[in-house]
Amino acid sequence: MKKHLLALAVASIAASLTPLSAQAQATDTIAKVKASGTVTMGVRDSSGALSYTLGDGKYGGYHVEVCQRIVGNLEKAAGKKLEVKYLAVTSQNRIPLIQNGTVDIECGSTTNNATRQKDVSFVVTTYVEEVRIAVKAASGITSINQLKDKNVATTTGTTSVQLLRKHERATGIDFKEVFGKDHADSFLLLESGRADAFVMDGQILAGNIATSKSPADYKIVGEVLNVEPIAIMVHKDDAAFKKLADDTVKDLIKTGELAKIYDKWFVQPIPPKNTRVGLPASEATKAAWANPNDKPAEDYAKK
Amino acid sequence: MNWQWEIFLQDPGGKQATYWEWMMSAWGWTVSVSLLSLLVALSIGSIVGILRTLPDSPWLVRFGNAWVELFRNIPLLVQIFLWYHVIPALIPPMKDVHGFYLVIFALGFFTSARIAEQVRAGIQTLPKGQRYAGMAMGFTTAQYYRYVLLPMAYRIIIPPLTSESMNIFKNSSVAFAVSISELTMFAMQAQEETSRGVEVYLAVTACYMVSAFAINRIMAYIEKKTRIPGTIVKASGGGGH
């Protein structure tokens, strides 16, 4: 035992002395987790059914479960049982934490776009987010063009704000935008009548409606305003680990397992409140499964 | 750190042509919210502060005390929410009032409680003899406040008023919670869109510092100009902290 420790210490000193090998080690996730016996999974506190806390240091959600499958295969590749550490990340720190190797695999709700691909790599797309409109069922609104001069709520610090702005410029239709400081606030704006519509990622809308006082009062309507591929994030330039993760997801797709995991989190009642998100896989998500790829959001916009 | 300040020249795709113009407009909102709130805070704060020192008017004093305790015991962000979500639910016509005015009321009333305390302290610091002297001259209550007590009291409390004026600029950042497109909202939004959080926050920090420091200088100037030689011992005119 002591010999092992000594060997490890010598190896790590040697590694730190030679920058080249240190670098090689940092990007080789499989070797790294084999040496440390632990793998760190980046998760989110409240990214809807994709990744959220169950309390007591436990995390659940569609992406968390897919990641657990990837870790299963990582254990096979490393040839030993790994201890999984969960680390809650935020929009601001998720990319730096992947870059510096604190987090080995990020399983939150990260949009795969070209800017981010310069810093990190993405596993093949597992979920395609659609930006939609939520309204009160009684309002009779069915399309974004009916929102002229109406109050439209969205959340500060999201790409939906940018999307609405661009739509206004492109079509000349003016909204009165009201901004919630978080999704719960934005939904309250819709609930209290301060806003006639809430424009946001479909699964966030569905989740908020599901947990509202009377879910039947709200509807998700209208055209899909934007699509964004959401993917699991890994270290850049680690071809071996990316292939392992890609293959895991592709296998899950082939065996129909991924559709089942999706169904478990997005259609069936989920903990902690046993509510249903009620959002069956969209056409865009099914298309991503049919043809697994890691294309950035920009490629979706071109279509 | 590789800087990318050129993101401020990019097009955010809305009414403004560049992120720079957007930030300038956001700064304008911050300054408008702050100055108007300051106006509300100074006028109401003065009235309430004076009410609390009135002789022979126990009910007005109680009202003043209640005002101060109400507005300084509730966190500012919670007050903003009360104005925005709760009051309109109780008083439906309030629903049509734009968030801009609600935030001015919320921030103004919150700060008025603090200013009222300072005005009261300023008046009570003065020797009792000044009040009696005013009465002996045959002044009415309004007259001896106007000509004897307040001119001195306000001079005494300029340093804490400077702090409050600067605080209003910093506290105005809560306005983003009720959808005012001010600097904090700009920062949160622009950093998400450009992924250049460090540059965006540094620029916004500079805007806040410039505005708060400008108020500091204005107050220091007022302090210097209104000083009566030999009454208040302080010559540096540093704005008081």
Side-chain angles (χ1 to χ4, degrees), chain A residues 90-96 99 109-111 113-120 151-182 184-196 198 226 228 296-297 301, chain B residues 1-2 4 7 10-17 19 22 25-26 29 77-78 80-100 102-103 173-198 200-201:
Chain A
T90 65
S91 302
Q92 285 81 35
N93 68 17
R94 58 191 170 184
I95 290 174
Q99 277 182 300
S109 51
T110 306
T111 301
N113 68 27
T115 327
R116 288 172 180 163
Q117 284 199 2
K118 285 183 207 149
D119 299 327
V120 294
N151 293 316
V152 180
T154 185
T155 308
T156 304
T158 63
T159 43
S160 299
V161 177
Q162 194 176 16
L163 184 70
L164 281 181
R165 249 184 8 233
K166 288 190 168 157
H167 185 87
E168 277 188 322
R169 186 192 268 184
T171 60
I173 294 177
D174 256 351
F175 314 119
K176 289 183 208 143
E177 289 163 323
V178 283
F179 304 103
K181 76 172 165 47
D182 50 41
D185 265 9
S186 301
F187 192 76
L188 183 59
L189 291 171
L190 176 66
E191 201 175 19
S192 65
R194 272 203 176 263
D196 304 292
F198 176 15
N226 196 22
E228 285 188 354
Chain B
M1 184 79 212
N2 61 338
Q4 286 190 15
I7 57 128
Q10 281 172 15
D11 179 5
K15 288 184 185 103
Q16 275 95 15
Y19 279 101
W22 183 7
S25 133
W29 281 104
L77 193 59
V78 175
I80 296 265
F81 273 76
L82 290 175
W83 281 96
Y84 197 62
H85 287 298
V86 180
I87 294 179
L90 304 174
I91 313 165
M94 288 290 286
K95 235 178 214 167
D96 299 325
V97 180
H98 193 272
F100 178 65
L102 295 181
V103 97
S173 64
V174 293
F176 96 90
V178 289
S179 119
I180 308 296
S181 149
E182 47 70 75
L183 281 171
T184 302
M185 177 186 268
F186 165 79
M188 294 177 77
Q189 189 59 39
Q191 80 100 15
E192 175 67 26
E193 291 173 15
T194 61
S195 310
R196 304 303 305 184
V198 177
V200 168
Y201 275 107

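Quick caveat, the model's predicted, so the values are computed rather than measured. Reminder, nothing fancy here: chain letters follow the sequence lines and each chain counts from 1.
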Student: Hey, what do you get for CD (Glu168(A)) to CD (Glu177(A)), rounding to the nearest 0.5 Å?
Tutor: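 Here the interatomic distance stands at 4.5 Å.
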Student: Measure the spacing between CH2 of Trp22(B) and CZ of Arg165(A) and express it to the nearest 0.5 Å.
Tutor: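 Reported to 0.5 Å precision, the distance equals 4.0 Å.
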Student: Can you tell me how far apart CD (Gln162(A)) and OG1 (Thr194(B)) are? Round to the nearest 0.5 Å.
Tutor: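 Separation between the atoms: 9.0 Å.
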Student: Roughly how far, to the nearest 0.5 Å, is the CZ atom of Phe187(A) from the OG atom of Ser192(A)?
Tutor: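 Taking OG in Ser192(A) and CZ in Phe187(A), the distance rounds to 10.5 Å.
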Student: Would you mind checking which part of Ala89(B) comes under 4.5 Å of any heavy atom in chain A, side chain (CB onward), backbone (N, CA, C, O), both or neither?
Tutor: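 Neither part, no heavy atoms under 4.5 Å.
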Student: Pick whichever of His167(A), Arg116(A), Arg194(A), Lys181(A) has the most heavy-atom pairs under 4.5 Å with chain B.
Tutor: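 The answer is Arg194(A).
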Student: Tell me, out of Leu188(A), Thr115(A), Thr159(A), who's got the most heavy-atom pairs with chain B below 4.5 Å.
Tutor: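 Looking at each option in turn, the highest pair count goes to Leu188(A).
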Student: Identify which part of Tyr84(B) has an atom lying under 4.5 Å from any heavy atom of chain A, answering side chain, backbone, both or neither.
Tutor: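 Both the backbone and the side chain of Tyr84(B) come within 4.5 Å of chain A.
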Student: Checking heavy atoms, do the side chain of Gln189(B), its backbone, both or neither come under 4.5 Å from chain A?
Tutor: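 Both backbone and side chain.
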Student: Would you mind telling me which of Asp182(A), Thr155(A), Asp185(A) has the largest number of heavy-atom pairs within less than 4.5 Å of chain B?
Tutor: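 Greatest number of close heavy-atom pairs with chain B: Asp185(A).
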Student: First locate atom CG of Asn151(A), then atom CG of Leu190(A), and finally report the distance between them rounded to the nearest 0.5 Å.
Tutor: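 Atom-to-atom, Asn151(A):CG and Leu190(A):CG are 11.0 Å apart.
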